[in-house]
Amino acid sequence: MDKTSIINRDKNKYLHSLNEEQRQAVCSVDGPVLVLAGAGTGKTKVLVSRICHLLNNNHAKPWEILAVTFTNKASKEMNNRVSNLVGQAVEGIWLGTFHSIGVKILRSNAELIGLKNNFTIIDTDDQTRVLKQLIKSNNIDDKRWPARSLSYIINKWKDMGLLPDEVPPESISNFAQGKSIDLYKDYNSLLKVQNAADFGDLILHCISLFKNNPDVLRDYQKKFKYILVDEYQDTNQAQHKWLKFLAMGSKNVCCVGDDDQSIYGWRGAEVGNILSFERDFPGAKIIRLEKNYRSQPHILKAASELIKNNKGRLGKTLWTDQENGDPIIISSHLDGSEEARSVVENCEIISKNNNLNEIAILVRAGYQTREFEDRFLTVNIPYRVIGGPRFYERREIRDAIAYLRVISQPNDGIAFERIINVPKRGLGQTTIKSIYELSKKNNESLITSAQNILLTEMIRPQAKSSLGKLLENFNRWISLRDQTNVRELLEIVLDESGYTDMWQKDKSIEAPGRLDNLMELADTLENFENLTDFLDHVSLVMENEKNESSQMINIMTLHAAKGLEFDHIFLPGWEEGLFPNQRSLDENGTLALEEERRLGHVGITRARRTVRISFAHSRRSFGEWQNSIPSRFIDELPDENISFIEDNKNFDNNFFQDNDFNQDINFDFDQSYQSTKKIPHIMKNIFIGSKINHDKYGIGYVIKINYEKLDIIFEDHGKKTIISDYVEIIND
DNA sequence: TTGATCGATTTTTTT
DNA sequence: AATCGATCAA
């Protein structure tokens with residue numbers, strides 16, 4: 001054996017830990033490859049090994065590799081694992097989320113799509129506020145046509161990769177009598193004026209850039225010799241277009257995904273992208289990974305049987321050679337807090353012999369975490385909420401950042417408006433409105449108009465002097481921008497603007513916490529070279545990571561759990577209406593039901609050793625008690641893999657005395673568990689869409705049914721919530 | 001312009 | 001239940 005082959009074998013030693021299919025996926029470097037990788041089959045391992053393989057065998061230099069993920073968490077994970085495997089070489093790899101890569105491309109080519117390279121990235125909150133302004137200034141009733149709906153519509157178009165004049169007529173909704181397209185146009189030009197881009201733009205602008213500048217596109221195509229895409233099932237149409245542009249150069253594109261884990265349909269994700277991979281990239285090699293290395297057989301079997309109820313899947317058969325393990329335990333509970341009590345009790349038992357980090361509670365909706373938090377706090381068990389209320393979304397942090405945004409990019413009127421009167425400086429609605437009018441008239445940025453309005457008589461002298469002072473401050477801060485380090489700059493700004501002072505004087509309980517958060521923000525700033533880098537981080541990452549190392553039980557949504565694994569998983573709240581989520585079902589019918597089911601599949605397959613599913617018979621929502629029945633998904637789990645226990649030891653008469661129930665409750669546990677086939681949302685033959693008459697409000701249509709309470713849109717009175725006894729059904 | 005009070009609305013998931 | 005927003009008095 002000659003010397004080189006020994007070196008080669010050594011340098012490729014990571015290949016030995018791969019199974020046959022995984023090795024194929026790693027070594028088929030040239031041409032398009034689609035890896036269909038079921039849960040726990042070593043998807044990330046394949047991606048990481050592939051990058052390693054490309055580098056080790058000199059197929060590409062780091063900067064010739066583009067690796068795109070969907071979430072920040074995934075990109076962080078990938079980054080860590082690649083650095084572990086290949087060492088320093090990671091530095092040059094273009095590894096990040098679609099959005100962060102998009103930003104990187106746009107910052108270097110901003111002028112070509114009409115932005116300056118220091119453009120601001122606005123988030124959903126800013127977006128809604130801008131749209132609200134826009135709706136109002138078009139004299140549209142923002143009560144009837146809320147900004148949130150418009151933002152939903154526009155984001156949908158952007159997710160589909162459609163510019164205003166590309167939206168097909170049939171998909172123009174009736175928002176404000178069909179004005180949605182004009183508003184979309186106005187909104188886009190408003191962003192341009194402010195030198196700002198929203199999340200959708202980060203992809204969409206790239207597409208326009210590639211489309212209109214073939215030379216730029218060619219450079220990127222040449223640059224990226226190898227492209228890897230994680231969670232391909234989650235890409236939306238815009239991202240798909242984006243990817244096709246870049247991949248059409250080398251055609252060395254490797255997409256990894258699992259149609260059974262597609263859970264972002266509501267964000268425009270297209271499972272179709274994965275189905276049409278062969279059409280997009282002819283000659284594609286398709287590799288299936290079906291050996292599961294994570295879960296024990298009962299768990300894997302239950303998850304597989306559940307997902308089999310979905311139609312329209314590519315179909316995979318996951319298998320494992322592990323020991324049988326424990327069946328999934330399903331328990332019923334009186335109400336949400338009983339459920340939380342039981343879950344936490346079981347966490348305690350498990351934690352006697354296990355690491356807290358290996359336990360996770362996965363919920364359908366963010367607000368469900370609260371009950372568990374309360375319980376953990378009372379019994380004093382450390383926990384962390386992953387993806388919970390985000391650091392950068394806190395009020396004080398957003399305010400502070402708004403100051404920095406104006407300093408970084410004075411055209412950012414969205415940020416300027418946020419803090420123009422925070423802390424209060426006597427610049428209220430009237431003043432802001434005047435500035436707005438002037439900026440609209442002269443088609444200039446808000447802050448320019450604020451400067452100019454000082455030369456007019458449009459606002460009162462008091463307001464004038466206060467505004468003048470603020471602008472003077474900003475000018476000074478801007479002049480400090482490039483010579484002061486970012487942390488120092490923030491401290492100066494918070495101090496001189498009176499912002500810190502405002503919270504120090506505030507006597508509310510949360511004020512000290514807010515001041516702490518501002519300190520923490522200042523600390524975070526130490527890690528950034530310049531303001532733009534920091535602001536990008538804030539808008540794209542949102543998370544301020546910490547607590548990674550200490551021992552804590554994890555609480556998160558099912559969505560946030562994707563890509564993670566734990567020994568022990570709790571899945572509470574498996575009730576009709578909550579999971580599957582009724583609202584989602586109302587909006588998207590069968591499609592949504594299948595997505596909910598995939599969510600259940602994701603939840604179960606996170607577990608290595610045990611899964612406990614639970615549901616409550618009664619739960620409080622919107623401050624009212626609601627009875628519920630177990631999720632249909634429980635029925636879909638095979639009997640031989642589950643074990644049902646009634647956890648109702650606290651069930652006694654005190655319960656009824658302690659709670660202010662006036663209504664009849666006929667709890668019959670066996671009965672209610674058996675009779676899960678029917679869903680009690682239909683009363684008196686009223687359905688979503690039913691036409692009804694009301695004595696006072698006249699004709700209307702039912703849009704939501706919540707037991708006896710109906711949400712109705714009346715032809716002449718807008719939306720009202722009415723008890724079903726007071727309406728009369730009209731059949732015509 | 002500000003602060004208080006009342007009423008409406010909220011809870012799906014994320015870049 | 002808790003938050004947000006509109007409305008109104010000071």
Side-chain angles (χ1 to χ4, degrees), chain A residues 68-75 96-103 121-125 127-128 132 142-143 146-148 152 155 158-159 197-204 231 234-236 238-239 262-269 336 362-371 386-388 390 392-393 395 421 423-433 459-460 462-463 466 536-543 556-562 573 577-588 592 595-596 598-599 602-603 619-626 704 706 711 718-721:
Chain A
V68 213
T69 65
F70 192 65
T71 61
N72 291 303
K73 206 166 53 192
S75 95
T97 60
F98 276 97
H99 291 87
S100 68
I101 303 281
V103 172
I121 303 163
I122 65 160
D123 65 12
T124 327
D125 201 70
Q127 187 189 41
T128 317
K132 191 170 181 182
D142 72 319
K143 230 25 217 240
R148 283 188 56 181
Y152 180 83
N155 289 337
K158 291 197 172 184
D159 285 344
D198 63 20
F199 286 132
D201 288 338
L202 300 180
I203 307 299
L204 207 48
E231 308 278 18
D234 287 331
T235 51
N236 61 33
Q239 290 160 335
S262 163
I263 54 174
Y264 287 97
W266 51 275
R267 254 190 65 187
L362 312 183
V363 294
R364 174 67 245 266
Y367 72 93
Q368 289 174 262
T369 62
R370 240 189 89 174
E371 277 174 317
I386 296 182
R390 301 189 214 182
Y392 295 120
E393 273 171 7
R395 180 146 74 111
N421 200 27
K424 299 234 152 56
R425 15 177 112 80
L427 302 172
Q429 266 182 10
T430 328
T431 316
I432 295 172
K433 215 173 150 206
I459 56 174
R460 295 195 331 223
Q462 271 171 313
S466 175
D536 276 358
H537 174 82
V538 170
S539 4
L540 293 174
V541 180
M542 303 300 280
E543 250 13 290
M556 71 195 90
T557 63
L558 287 161
H559 284 85
K562 195 165 71 154
L578 186 55
F579 183 60
N581 182 274
Q582 189 58 44
R583 197 156 142 189
S584 154
L585 259 38
D586 289 346
E587 277 165 26
N588 271 313
E595 183 152 316
E596 296 285 309
R598 290 194 289 270
L599 214 38
V602 167
R619 198 177 283 281
R620 232 161 136 113
S621 79
F622 299 133
E624 275 174 295
W625 285 97
Q626 303 262 234
K704 192 177 153 199
N706 184 6
D711 282 10
K719 192 177 135 197
K720 301 269 180 228
T721 303

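Quick note on labels: first sequence line is chain A, next is B, and so on, each numbered from 1. When reading the values below, keep in mind they use all heavy atoms of this one structure, side chains included, and skip hydrogens, waters and symmetry mates.
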Quick check against the 3.5 Å criterion: does [X] have a side-chain atom that pairs as donor or acceptor with the backbone of [Y]?
| X | Y | result |
| --- | --- | --- |
| A:Glu624 | A:Ser621 | no |
| A:Glu587 | A:Ser584 | no |
| A:Ser466 | A:Ala463 | no |
| A:Asn155 | A:Tyr152 | no |

Round to a whole Å and report the spacing from [atom1] of [X] to [atom2] of [N].
| X | N | atom1 | atom2 | value |
| --- | --- | --- | --- | --- |
| A:Phe579 | B:dT13 | CZ | P | 14 Å |
| A:Lys562 | B:dT15 | NZ | P | 11 Å |
| A:Leu558 | B:dT11 | CG | P | 18 Å |
| A:Asn581 | B:dT11 | CG | P | 12 Å |
| A:Asn236 | B:dT15 | CG | P | 13 Å |
| A:Leu204 | B:dT15 | CG | C1' | 14 Å |
| A:Glu393 | B:dT15 | CD | P | 10 Å |
| A:Lys424 | B:dT1 | NZ | P | 12 Å |

Original post:
Among B:dT11, B:dT14, B:dT15, which nucleotide sits nearest the side chain of A:Phe622?
Top reply: B:dT11

Subject >> Which nucleotide in B:dT9, B:dT15, B:dT14 has an atom nearest any side-chain atom of A:Lys143 >> reply: B:dT9

Any [X] side-chain N or O less than 4.0 Å from OP1/OP2 of [N]:
| X | N | value |
| --- | --- | --- |
| A:Asn155 | B:dT14 | no |
| A:Thr124 | B:dT14 | no |
| A:Thr557 | B:dT14 | yes |

With heavy atoms under 4.0 Å as the rule, sort [X] into base, sugar-phosphate or nothing.
| X | answer |
| --- | --- |
| A:Ser539 | nothing |
| A:Gln127 | nothing |
| A:Asp123 | nothing |
| A:Gly200 | nothing |

Original post:
A:Arg148 or A:Ile432: which one's nearest nucleotide on DNA chain B is closer to the 5' end?
Top reply: A:Ile432

**OP:** Take A:Ala463 and A:Arg267, find for each the nucleotide of DNA chain B with the closest heavy atom, and name the residue whose nucleotide sits nearer the 5' end.
**Re:** A:Ala463

Subject >> Donor + acceptor pair across side chains of A:Asp123, A:Gln127 (<3.5 Å) >> reply: no

Original post:
Just wondering, do A:Val363 and A:Phe579 contact through their side chains at under 4.5 Å, heavy atoms?
Top reply: no

Original post:
Do A:Gln429 and A:Ile432 come close enough that some side-chain heavy atom pair is under 4.5 Å?
Top reply: no

Subject >> Spacing of the C1' atoms in C:dA6 and B:dT11 (rounded, Å) >> reply: 23 Å

Original post:
Can you tell me how far P in C:dC4 sits from the matching atom in B:dT13, rounded to whole Å?
Top reply: 15 Å

Subject >> Ring centroids of A:Tyr264 and B:dT14 base under 5.5 Å with planes under 30° >> reply: no

Subject >> Set of residues satisfying salt bridge (Lys or Arg N to Asp or Glu O under 4.0 Å) with respect to A:Asp159, sequence neighbours excluded >> reply: none

Subject >> Residue whose closest nucleotide on DNA chain C lies nearer the 5' end, A:Arg370 versus A:Lys132 >> reply: A:Arg370

Original post:
If you pin A:Gln429 and A:Gly623 to their nearest nucleotides in DNA chain C, which one's is more 5'?
Top reply: A:Gly623

Original post:
Nucleotide range of DNA chain C contacted by chain A, 5' to 3', under 4.0 Å to a heavy atom?
Top reply: C:dA1 to C:dA6

Subject >> Least distance between heavy atoms, A:Val103 atom then A:Leu540 atom >> reply: CG2-CD1, 3.7 Å

